Amino acid sequence: MRFHFALTLQALWTGVCQAAMQHYPAAAWGHYDVCKSQVYSDEGLTWDYMACQPEAADMTQYLKVTLDPPNITCGDPPETYCALENPYMCNNECDATTEELAHPPGLMFDTEGRNPTTFWQSTSWKKYPKPLLVNITLSWNKTIELTEDIVLTFESGRPEQMVLEKSLDYGKTWQPYQFYATDCLDAFTMEPKTVQDLTQHTLLDIICTEDYSRGYVWKNDKTVRFEIKDRFALFAGPRLHNMASLYGQLDTTKKLRDFFTITDLRIRLLRPATGATMVDENNLSRYFYAISDIKVQGRCKCNLHANSCVYDKEKLSCECEHNTTGPDCGRCKRNYQGRAWSAGSYLPIPKGTANICIPSNIGPVIRPNVSSLGVANRKEARVCDNELLRCQNGGTCISNVRCNCPTGYTGLLCEKRRCESELGGCGGPDSGQAHLTPPSTSRLLLLLLLGSVLLRGVSCWPAVL
């Protein structure tokens, strides 16, 4: 009894400490890095399941790069290049047979900070006026969710015309992400815009920007960006402090989730930097593409059913939890198909809803399972029989038959938000999402007072660890 009371006090103190820490910005505590944890309830030790996702990482470690045309890399045959800013400085040699003079595609993804800078380089524009066209395709063979800006660093001046494209079906079809040009009207018959011109309602619009193409300074202005965080900020605020708003939109708007999701990226280089209005046809070795770095930050898409992703045999795959399986945790395991598979949900903040897959034989009616010997086996999993079948989101078990769900939730285990089936979805004021409201000040103070009285002088650290 004394031991059980101590565990109860420890669980209470942990909750008090966690409540006290909720003053941190949402971007800091909404990581969803835990899929389940053991908690104490009236029925003893049980599992609490949460939505979870892998940490963001440098995804260029796991990609395959393809160039088209295949022979577009310089050095075969060897070639001498001139500097764009100085046509008389022609001492840059590219030779694929010499390591120190070669510029293969892998140098777009090597460690930055080396001196001299390493970079991939194309052949020169020796076939002018025929366009110097290059496609650089980055493939992951896995669905990826972008979390940071895509950044390209050029060493030969930024291209005067370029398109960034994405694929969601492993390169079968492509959609533009953004157009780049010194003159958007002339190059793509599009009005020039910037990401600052976008709103919540136009976030998915494809724009052409002149921000990363106009002007030429040799030592500066090397980067071209696709602004992920500026788009996030349209919902989460300038410093991304209101991530709850962004997560709510990602939860309820599939097109928005898909916009930040890719399997492949393609960089279409259409016209190199010329540094002038006219191309110097007498010195075409000044014009080429050179990229020293590509940054793609993101995470494996695991549908909020995994907190880790492994790279094995040159392939990424999620380490699925919640009785799910597949490369993206996109289906229920065998014998855990008691209801249709569903992705996890970011809501309610901060733990979300796991939407775990449940055993196939769950149900209020006991049905005999006749074995190969003809003997009826009447063992049947029922609601609340084990930790996988606990009522979720505050629901209570009724006679091992069903869950009594709180307002705003429905489903066999109270796993679904009722507003999902209502007109307007879960974004309206009457959506029943009372769970997004933070705890009242009076309740929080009461918990803190109770904890300090019961455990005066006890640190939060032992309970957290």
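Quantities reported herein were computed from a predicted structural model and do not represent experimental measurements. All residue numbers refer to positions in the sequence shown, counting from 1.
- Open room surrounds CD on Glu99; 12 or fewer heavy atoms of other groups in view lie less than 6.0 Å from it.
- Ionic pairing of Arg268 and Glu165 is present here: one or more N-O contacts between side-chain nitrogen and carboxylate oxygen are shorter than 4.0 angstrom.
- Here Arg231 contributes atom CZ and Leu256 contributes atom CG; the two are 11.0 Å apart, rounded to the nearest 0.5 Å.
- With respect to Asp293 and Lys295, a salt bridge is recorded, a charged nitrogen being found less than 4.0 Å from a carboxylate O.
- Side-chain N or O atoms of Thr223 include none that pairs as donor or acceptor with a backbone N or O of Leu152 at under 3.5 Å.
- Using a distance-only test at 3.5 Å, with no hydrogens or angles considered, a donor-acceptor pair links the side chain of Gln200 to the main chain of Leu234.
- Atom CG in Leu146 sits 4.5 Å away from atom CD1 in Ile262 (nearest 0.5 Å).
- For the salt bridge (Lys or Arg N to Asp or Glu O under 4.0 Å) condition, no pair includes a residue of residues 53-69, sequence neighbours left out.
- A side-chain donor from one of Thr73 and Trp120 sits under 3.5 Å from a side-chain acceptor of the other.
- Under a 3.5 Å cut-off, the side chain of Asp197 and the backbone N or O of Thr194 do form a donor-acceptor pair.
- Atom-to-atom distance recorded for Asp264:CG and Tyr170:OH is 9.0 Å, nearest 0.5 angstrom.
- Taking the six-membered ring where the residue is Trp, Trp125 and Tyr287 present perpendicular rings, their angle passing 60° and hence far from 30°.
- For CD of Glu314, the number of neighbouring non-hydrogen atoms (other residues, nucleotides, ligands) closer than 6.0 Å is 12 at most.
- Here the shortest heavy-atom pairing between Asn393 and Pro348 reads OD1-CD, 4.3 Å.
- Counting heavy atoms from C-beta on, the side chains of Asn323 and Ile358 never come closer than 4.5 Å.
- Looking at Pro159 and Phe154, their side chains come closer than 4.5 Å, going by heavy atoms from C-beta outward.
- The list of disulfide (SG to SG under 2.5 Å) pairs with a residue in residues 39-68, not counting sequence neighbours, reads Cys35-Cys52.
- Between the CD atom in Gln121 and the CG atom in Leu101 there is a gap of 11.0 Å [rounded to 0.5 Å].
- To the nearest 0.5 Å, atom NZ of residue Lys36 and atom CD1 of residue Ile356 are 10.0 Å apart.
- Side-chain atoms of Glu79 and Ser124 include a donor-acceptor pair closer than 3.5 Å.
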Any chance you could lay out the side chain to side chain donor-acceptor pair (under 3.5 Å) test for Asp110 and Thr118, step after step, and finish with the verdict?
CA-CA 8 Å; Asp110 63 342; Thr118 58; 2.5 Å; yes
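- Between Asp149 and Arg225 there is a salt bridge, since at least one side-chain N of the basic residue sits less than 4.0 Å from a carboxylate O of the acidic one.
- Using a cut-off of 4.0 Å between Lys/Arg side-chain N and Asp/Glu carboxylate O, Asp251 and Arg257 are scored as not salt-bridged.
- Across the pair Cys208 and Cys184, the gap between the SG atoms, which is the quantity tested here, stays under 2.5 Å.
- Here OG1 of Thr147 is found 6.0 Å from CZ of Arg299. Values are rounded to the nearest 0.5 Å.
- Annotation: side chain of Met59 is in contact with side chain of Trp140 (closest heavy-atom distance under 4.5 Å).
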Asp169 and Ser167: CA distance, side-chain angles, deciding distance, side chain to side chain donor-acceptor pair (under 3.5 Å) verdict:
CA-CA 6 Å; Asp169 54 11; Ser167 176; 2.8 Å; yes
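- Side-chain contact between Thr209 and Tyr180 is present, with at least one heavy-atom pair separated by less than 4.5 Å.
- By the 30° and 60° cut-offs, the orientation of the rings of Phe226 relative to Phe259 is tilted.
- A search for ring pair (Phe, Tyr, Trp, His ring centres under 6.0 Å) contacts involving Phe235 returns nothing, not counting sequence neighbours.
- Of the residues listed (Cys329, Cys318, Cys320), the one engaging Cys302 in a disulfide (SG to SG under 2.5 Å) is Cys318, and it is the only one.
- A donor atom on one side chain and an acceptor atom on the other are not found under 3.5 Å apart for Glu160 and Ser213.
- The closest donor-acceptor contact from the side chain of Asn303 to the backbone of Asp328 lies under 3.5 Å.
- Counting only distance, with no hydrogens or angles, the side chain of His305 and the backbone of Ser342 share a donor-acceptor pair below 3.5 Å.
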Run Ser292 and Glu155 through side chain to side chain donor-acceptor pair (under 3.5 Å) and show every step you take.
CA-CA 6 Å; Ser292 61; Glu155 292 297 326; 2.9 Å; yes
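- With contacts defined as side-chain heavy-atom distances shorter than 4.5 Å, the pair Leu67/Asn135 does not qualify.
- When side chains are defined from C-beta on, Glu210 does not count as touching Thr182, because their heavy atoms never get closer than 4.5 Å.
- By the 6.0 Å contact criterion, NZ on Lys193 is open, its count of non-hydrogen atoms from other residues, nucleotides or ligands being 12 or less.
- Remark: Tyr289 pairs with no residue by the side-chain hydrogen bond (donor to acceptor under 3.5 Å, both in side chains) rule, at least two apart or across chains.
- Between Met108 and Phe119, the closest side-chain pair of non-hydrogen atoms is not below 4.5 Å.
- Checked by atom type and distance alone, the side chain of Thr253 never pairs as donor or acceptor with a backbone atom of Lys255 at under 3.5 Å.
- Between the side chain of Lys166 and the main chain of Thr261, a donor-acceptor pair closer than 3.5 Å is present.
- At a threshold of 4.0 Å, the pair Glu145-Lys301 does not count as salt-bridged, since none of the basic side-chain nitrogens sits closer than that to a carboxylate oxygen.
- Here Tyr62 pairs with Tyr311 under the ring pair (Phe, Tyr, Trp, His ring centres under 6.0 Å) rule; sequence neighbours left out.
- In this structure a side-chain-to-backbone donor-acceptor pair under 3.5 Å is missing from Thr143 to Thr263.
- The closest donor-acceptor contact from the side chain of Thr199 to the backbone of His201 lies under 3.5 Å.
- Residue-environment remark: CD (Gln61) exceeds the threshold of 12 foreign heavy atoms within 6.0 Å.
- In terms of modelled atom types and a separation under 3.5 Å, the side chain of Ser317 and the main chain of Pro327 share no donor-acceptor contact.
- In terms of the ring pair (Phe, Tyr, Trp, His ring centres under 6.0 Å) criterion, Tyr212 has no residue partners (sequence neighbours excluded).
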